[in-house]
There are 2 protein chains.
Amino acid sequence: MHAYVHIVDDDCSFRKALERRLKLAGYRVGTYASARELLDQLPDDEEAGCILLDVRIPGMSGPELQRRLNELESTLPIVFLTGHADTAITVQAIKAGAEDFLTKPIASEQLIEAINRAVARHELVRDQRTRLDSLRALLAKLTPRERQVFDLIVCGRINKQIAHELGTTERTIKAHRHQVMEKMKVQSLAELVSIAERLGTRASGGAVKA
Amino acid sequence: MHAYVHIVDDDCSFRKALERRLKLAGYRVGTYASARELLDQLPDDEEAGCILLDVRIPGMSGPELQRRLNELESTLPIVFLTGHADTAITVQAIKAGAEDFLTKPIASEQLIEAINRAVARHELVRDQRTRLDSLRALLAKLTPRERQVFDLIVCGRINKQIAHELGTTERTIKAHRHQVMEKMKVQSLAELVSIAERLGTRASGGAVKA
DNA sequence: GCCGTTCTTGTCCCATGGTACAATATGAAA
DNA sequence: TTTCATATTGTACCATGGGACAAGAACGGC
C-alpha cells in the first residue's frame, strides 16, 4: 500500500505539478487549496502518509493549521514547504513537531527523502498511538469505583489500605481488584503498573491517608 | 543564584559586548572563542544556565559542538545565534534539541527572553536527570544475580517461575527479592515496576521459558 | 590462610492476594 | 414493574510473598 501525501497550497499550478511528480513517484495524493479545505475532509490518521504544507496560504496559515491538527491529535507528520524562509517561524514549526521545513524550489530527490522520513515516522507514531488508545479504551471501561481501586493499586497500596481509604471492606476491594485485572486484561500487578505508567495515570506515592 | 550563560563566539568584540549586556542583566557569563575551548573547561551541568552558540566558528562548528555535547549527555540548553540563517541548519539544530535559533543582530529583550526560557527548561531537565541518575545509581548497586531477579520481577514473574528460570529454589529467590527491594529503597512491587518503566529496563513480557 | 561478598538453602509462621460459592442492596433503564 | 449494572459483603481455602532465625559453599583480595 502506497503512502498518502496531502498537499496544501494555494498555488494551483504548483499543486498540480507537485501532484504529478509525486504520483509518478508512486504516492497517492490529495490536494487542498486551503487549510479549511483539509480540515473539512480530515485525512484518515490510520493511513500511512504525511502533509505537505505551505506556510503562507490565504485564510488560516500553515502554522495555524498545524496547531489545529495538534489539538485534534492528528498523527500525520507535517512537512512545511515555503517560498520565503523565516527563522522564527521555522523554529516554531519544528518545535511544534513538524517533521521538516523545506524551501521552494525543492529538488524532487530531497522532497521525496523528506516525505519518506515523514511517512516512516508516521507509521511509528501511529502504531504507538494505536497501542495507547487500546489501553485507554480498556481503562475507560472500568466503573468509577473500579477506577478508584485501580489508581490505588498502581500506587502500591495493599487491599487493607484501599478498603480503609474508600471506607469499605477488604473483601469488597478484592472483588473490585479482580474486576480490574479482568477488564484490563492483565495477569500480574507488574503489567497493571506498567500500563498506568505508560498512560501517565499515576500520582506516584501520595499520602497514605486521605 | 543567577544563571550562568556560556557564550561561544569567535568574534571577540561581539563576545565582549554581549558579556557586558548580559552581566548588566544579572547573569554570570563565561566566554569561549571556540568549541574546543568550551569542551576543555566543560561547564557544570548542575548549575542553572545555558549556552549561547554561534553557528559558524573556526574549527568545530556550532552544530558539531551540539552533537558532542549531546553525546556527553549535557543538559545545558543551547540557544544558537547566527549571522546568516540557513533553514536546513536551523531545522537540524532544533531537531537535535536546541532551545532556540536566533539571528544577529538580536534585540536585548528578545535575547533575554530566549535565555530565560532556556534556563527555565534547564532547571526542569536537570532535575529530571538528577532523579533518573539516582535511580540508575541504585540499580547499579545490584549484584548480577539480583539484577536478573529484578528484571524478572518487573516482568510480572512470580518467585516460583523465577526460581525455575534461573535454575534455583524459591527460597533463594525470596532472598534476592528481599535484597532488591532493600537496595532499590522501595516498599512495594508497584514502585519497583514504576522505576523499571522510567529507566526503560523492561522487556515487557517475554517468554515464560528461557 | 583469613575475610568479605555473593549465591545458596532450610524451616516456621504470618500477612496478603486470589478464587469458589453465594447473597443483598441500590439506582437507572426498559 | 422488571431487569441490568454497580457496589457491597461473607466464608472458606489455597497460593504467594515476606520476615525471623540460621547457615553452608564459592571466589577474590589482603
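Each chain gets a letter, A, B and so on, in the order its sequence line appears, and its residues count up from 1. Note that the structure is predicted; figures quoted are calculated from it, not measured.
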Side chain to side chain donor-acceptor pair (under 3.5 Å) against [X], all qualifying residues, sequence neighbours excluded:
| X | result |
| --- | --- |
| A:Gln128 | A:Arg131 |
| A:Asp11 | A:Ser13 |
| B:Arg177 | B:Asn159 |
| B:Arg117 | B:Asp100 |

- B:Phe150: ring pair (Phe, Tyr, Trp, His ring centres under 6.0 Å) partners, not counting sequence neighbours: none
- Not counting sequence neighbours, which residues clear ring pair (Phe, Tyr, Trp, His ring centres under 6.0 Å) with A:Tyr4? List them please. A:His6
Can you give the donor-acceptor pairs under 3.5 Å from side chains of residues 52-64 of chain A to other protein atoms, not counting sequence neighbours?
unit_1  : atom_1 : unit_2  : atom_2 : d
A:Ser61 : OG     : A:Glu64 : N      : 3.2
A:Glu64 : OE2    : A:Arg67 : NH2    : 3.1

- Message: For B:Lys185, give me all partners under salt bridge (Lys or Arg N to Asp or Glu O under 4.0 Å), at least two apart in sequence or on another chain.
- Response: none
Polar atom pairs (N or O), protein with nucleotides 23-30 of chain D, under 3.5 Å:
none

- Can you name the side chain to side chain contact (heavy atoms under 4.5 Å, CB included) partners of A:Ile158, sequence neighbours left out? A:Lys160, A:Gln161
- Note on the structure: Reading nucleotides 18-30 of chain C from 5' to 3' and marking B where a protein heavy atom lies under 4.0 Å of the base, S where only the sugar-phosphate is that close, and - otherwise, the string is BSBB---------
- Message: For C:dT16 and A:Lys160 - does any side-chain N or O of the residue sit under 4.0 Å from the phosphate oxygens OP1/OP2?
- Response: yes
- Contacting residues from residues 137-147 of chain B, given that a heavy atom lies under 4.0 angstrom of DNA chain D: none
